[in-house]
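First comes the structure, then the notes that go with it.
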Amino acid sequence: MALRLYNTMSARIEEFHPIRDHEVRMYACGPTVYDYGHIGNFRTFIAVDLLRRFLRQSGYKVHHVMNITDVDDRIIHNSARDGLTVQQYTAKYEKVFLEDAAMIGIEEPILVRATEHIPEMANFVAKLAEKDIAYRADDGSYYFRISKFPAYGRLSKKDFSGILDGARVDTDQYDKDSARDFALWKAPKPGETSWQTQIGPGRPGWHLECSVMSMEELGESFDLHAGGEDLIFPHHENEIAQSESYTGKTFARFWFHARFLLVEGEKMSKSLGNFFTLRDLVLKGYKPSSIRYLLASVPYRNQLNFTFDGLQQAAVSVERLRNFRLRLNAGGFASGKNPAMQSLATETIEKMRAALDDDLNTAQAQAAIFEMVRQANTAFDTGDIKKDDVPPLLAALEKFDEIFAVIHDNDTPKMKQVFDWAIAQGREKDISPELREAAQSEQISDAEIETKIADMKAARAARDFKKSDAIRAELAEAGVVVEITKEGIRWRRK
RNA sequence: GGCGCGGUACCCAAGUGGUAAGGGAGAGGUCUGCAAAACCUUUAUGCGUCGGUUCGAUUCCGACCCGCGCCUCCA
């Protein structure tokens, strides 16, 4: 069965078929790099990442383009405030964003930057002006003439037919022909950063960059355009107006929007004190994998209530999956195979695929993997898992992790990175004991741990439990959990 | 005001016109030198409220209550 996705344009779930067979061209609106990214931003980026990964798993070659908005009013304001050039200012936050994205397992898309496409954007405006779709205001700014695009409002389901120019608003004070017309190109105010172009000095409007860069990278018509739900209007509506006026063709076929999240049941806002950047959470000691798991666990079109209790629960859930994998990898199985386990693995893969095919129902995909884990663990305890059952079970786990990317444990080095960053920023007081412990556990190498485990084994063989327990306690101190099982001793970082 | 989404157990959260996935937490148990891990049992006659349609509704319809989003640059 094919992937079925909700399309904001049609307001229905539709079967997703790309224009070109076996190839998906998608564009996602990326960050404006003027500050640290917050967890709301990352919910959207993770939703897009899950989509990208699932499309690839489904056999598509995926061209995933994302823009970096590295010029806008806030950036110009903040860089001037900090005495930096726009480029200096944005370079810092772009780096931060990419580090954060990597930290929670977001695969890096093809990145395009607004400031690297200024001439193309000016050219785009010039072409629209030739068609009288764009017009120049007295100050040198350019606006889009909405009356030239009758389909305006189709994406956001807004009816603009009743709004007449000049009837409601004194358009003169906006220097626009119609109050609804939006800026394509902004003329510089005195002292502002600007670029010299064929249409005069200025900088691109926000909507323009996405139209120009997406079409440049993906063609005039492509498969899917993604972003947060707030972008539906006006950003995406304006992109459509610009692009389709320019080409006369359908711009993007599918419109994919992720819903906003709540924090502890309330809208995230600085004034409520529930505004968190990704790094805030890691500073508090939460693992990147816990954050990713939680953000991925609620289907992207549902409101997700982000809570600290939920983060804790996510951590335990991830642990459960990791423990299961450790158990499978520990070996010690009787030879042969158990048909029940073989079909369990196959059915689980099938269920996960069906769940994700259903408009990326991540919650159901997770339910499927946990069902498998429980049943396989039971079989484990009764000795009903044989040597040949291990590869298919591991394969199902891998399929899951190709999408969710939480099982393979690389939390510790990432947390160490945040720890080092906090020190460098002079924010040592913000480092929680948990993060400190995680960063410390990075100090002890795998080889050192293995040596200590060998000592434990020797002590246990001599039935010197006191010594064995002492080593275990020592490792625990260093952030390493040691578990003694029938199959042998295994360890993991806390 | 216009348009749209949602209210499911202690918490998070799927789902269906025919009788409630999954995870976490709690309680009891099994296993175990100890500790973990793991497993088993248990926790919603109930799915915001009130009506309606139906043999049957949590699922469809209506009203109401509550929460949330967009309505010119917040993911």
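Here is the naming used below: chain letters follow the sequence lines, and residue numbers restart at 1 for every chain. The structure presented is a predicted model; accordingly, all values stated were derived computationally and were not measured.
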Below the 4.0 Å mark, does B:A14 have OP1 or OP2 next to a side-chain nitrogen or oxygen of A:Asn361?
no

With sugar-phosphate meaning primed atoms plus P, OP1 and OP2, does A:Pro31 contact a base, only sugar-phosphate, or nothing at under 4.0 Å between heavy atoms?
nothing

Presence of A:Lys158 side-chain N/O under 4.0 Å of B:C70 phosphate oxygens OP1/OP2:
no

Whole angstrom value for the distance that separates P of B:U72 from CD1 of A:Ile232:
14 Å

Over how many whole Å does the gap from A:His235 atom NE2 to B:C70 atom C1' extend?
15 Å

Take atom P in B:A9 and the same atom in B:C70, then report the distance between them in whole Å.
27 Å

Could you say whether A:Asn238 or A:Phe260 is positioned toward the 5' end of RNA chain B, judged by the nucleotide with the nearest heavy atom to each?
A:Asn238

Heavy atoms only, 4.0 Å cut-off, all strands: where does A:Glu266 land among base, sugar-phosphate and nothing?
nothing

May I ask you to evaluate whether A:Asn302 reaches the phosphate of B:G6, defined as a side-chain N or O under 4.0 Å from OP1 or OP2?
no

Expressed in angstrom and rounded to an integer, what is the separation of A:Phe324 atom CZ from B:G23 atom C1'?
16 Å

Count the heavy atoms belonging to other residues, nucleotides or ligands that lie under 6.0 Å from NZ of A:Lys157, then report whether that count exceeds 12.
yes

Just checking A:Glu450: does its CD atom have more than 12 heavy atoms from other residues, nucleotides or ligands closer to it than 6.0 angstrom?
yes

Using a cut-off of less than 4.0 Å, is there contact between a side-chain N or O of A:Arg460 and OP1 or OP2 of B:G33?
no

Expressed as a whole number of Å, how far does the P atom of B:U41 sit from that of B:G24?
15 Å

Can a salt bridge be assigned to the pair A:Lys494 and A:Glu437 using a cut-off of 4.0 Å between side-chain N and carboxylate O?
yes

Mind checking A:His207 for me? I need base, sugar-phosphate or nothing, with any heavy atom below 4.0 Å counting as a touch.
nothing

Could you tell me how far B:U58 sits from B:G46 if I compare only their C1' atoms? Round to whole Å.
8 Å

How is A:Asn305 classified with respect to the nucleic acid when contacts are heavy atoms under 4.0 Å: base, sugar-phosphate, or nothing?
sugar-phosphate

From B:A75, B:A14, B:C74, pick the nucleotide closest to the side chain of A:Arg74?
B:C74

Determine the Euclidean distance between corresponding C1' atoms of B:U53 and B:A63; express it in Å to zero decimal places.
15 Å

Opposite nucleotide pairing with B:G4, Watson-Crick or G-U, both atom distances under 3.5 Å:
B:C68

With both distances kept under 3.5 Å, what pairs with B:U41, Watson-Crick or G-U wobble?
B:A27

Phosphate-side-chain proximity, A:Asn377 and B:A38, N/O vs OP1/OP2 below 4.0 Å
no

With nearest nucleotides of RNA chain B determined for A:Lys157 and A:Ser468 from heavy-atom distances, which residue corresponds to the more 5′ nucleotide?
A:Lys157

Provide, to the nearest angstrom, the distance between the CZ atom belonging to A:Arg472 and the P atom belonging to B:C34.
11 Å

What's the closest nucleotide to the A:Val298 side chain, out of B:G22, B:A75, B:A13?
B:A13

Which nucleotide in B:C71, B:A37, B:C34 has an atom nearest any side-chain atom of A:Ile484:
B:C34

Provide the Watson-Crick or G-U wobble partner of B:C74, both distances under 3.5 Å; none if there is no partner.
none

P spacing across the pair B:A36 / B:U30, given as an integer number of angstrom
16 Å

Scan A:Leu326 against the nucleic acid and name what it touches under 4.0 Å (heavy atoms): base, sugar-phosphate only, or nothing.
nothing

Out of B:C40, B:A75, B:A14, which has the shortest distance to the side chain of A:Gln364?
B:A14

Would you indicate what A:Ile369 reaches in the nucleic acid, counting non-hydrogen atoms under 4.0 angstrom: base, sugar-phosphate, or nothing?
nothing

Picking from B:C11, B:G22, B:A36, the nucleotide nearest the side-chain atoms of A:Thr485 would be B:A36

Which value, in whole Å, describes the distance between the C1' atoms of nucleotides B:C61 and B:A25?
38 Å

Taking any heavy-atom pair under 4.0 Å as a contact, classify A:Lys186: base, sugar-phosphate, or nothing.
base

Do A:Gln313 side-chain and B:G23 base share a donor-acceptor contact under 3.5 Å?
yes

Salt-bridge criterion met for A:Glu237 and A:Arg154 (N-O under 4.0 Å):
no

Can you figure out which of B:G24, B:A36, B:C5 approaches the side chain of A:Val481 most closely?
B:A36

Interatomic distance, A:Phe233 CZ vs B:G2 C1' [rounded to whole Å]:
13 Å

Rounded to the nearest angstrom, tell me the gap between atom CD in A:Gln242 and atom P in B:U72.
17 Å

Assess whether a salt bridge exists between A:Arg493 and A:Asp409, defined as any Lys/Arg side-chain N lying under 4.0 Å from an Asp/Glu carboxylate O.
no

Are A:Arg301 and A:Glu229 ion-paired here, with the side-chain N under 4.0 Å from a carboxylate O?
no

Testing B:C73, B:A21, B:C71 for proximity to the side chain of A:Arg180, the answer is B:C71

Measure the distance from CZ on A:Arg327 to C1' on B:A37 and round it to the nearest whole Å.
7 Å

Watson-Crick or G-U counterpart of B:C47, or none if no pair lies under 3.5 Å:
none

Short side-chain N/O contact to B:C39 OP1/OP2 from A:Arg320, under 4.0 Å:
yes

Under the criterion of centre distance below 5.5 Å and interplanar angle below 30°, is A:Phe370 classified as stacked on the base of B:G23?
no

Whole-angstrom distance between B:U16 and B:C31, as gauged at atom C1':
39 Å

Please report the shortest heavy-atom distance between A:Val48 and A:Ala28, naming the atom on each side.
CG1-CB, 4.0 Å

Sugar-phosphate, base or nothing in reach of A:Gly227, heavy atoms under 4.0 Å:
sugar-phosphate

Are more than 12 heavy atoms, taken from residues, nucleotides or ligands other than A:Arg463, located less than 6.0 Å from that residue's CZ atom?
no

Taking atom types as they are modelled, is there a donor-acceptor pair under 3.5 Å from the base of B:G2 to the side chain of A:Asp159?
no

In this structure, how many angstroms lie between the P atom of B:A37 and the CD atom of A:Glu319, rounded?
9 Å

Residues A:Tyr152 and A:Asn238: side-chain donor-acceptor under 3.5 angstrom:
yes

Using Watson-Crick or G-U wobble geometry with both distances under 3.5 Å, which nucleotide pairs with B:C34?
none

Less than 4.0 angstrom between a side-chain N/O of A:Thr378 and OP1 or OP2 of B:C40, yes or no?
yes

If the C1' atom of B:U72 is compared with that of B:G67, how far apart are they to the nearest Å?
26 Å

Quick one: which of B:A38, B:C11, B:A75 gets closest to the side chain of A:Asp309?
B:C11

With respect to the phosphate group of B:A37, does any side-chain polar atom (N or O) of A:Arg492 fall under 4.0 Å of OP1 or OP2?
no

Who does B:G18 pair with, Watson-Crick or G-U, both distances under 3.5 Å?
B:C55

Salt-bridged, A:Lys452 to A:Glu474, with N to O below 4.0 Å?
yes

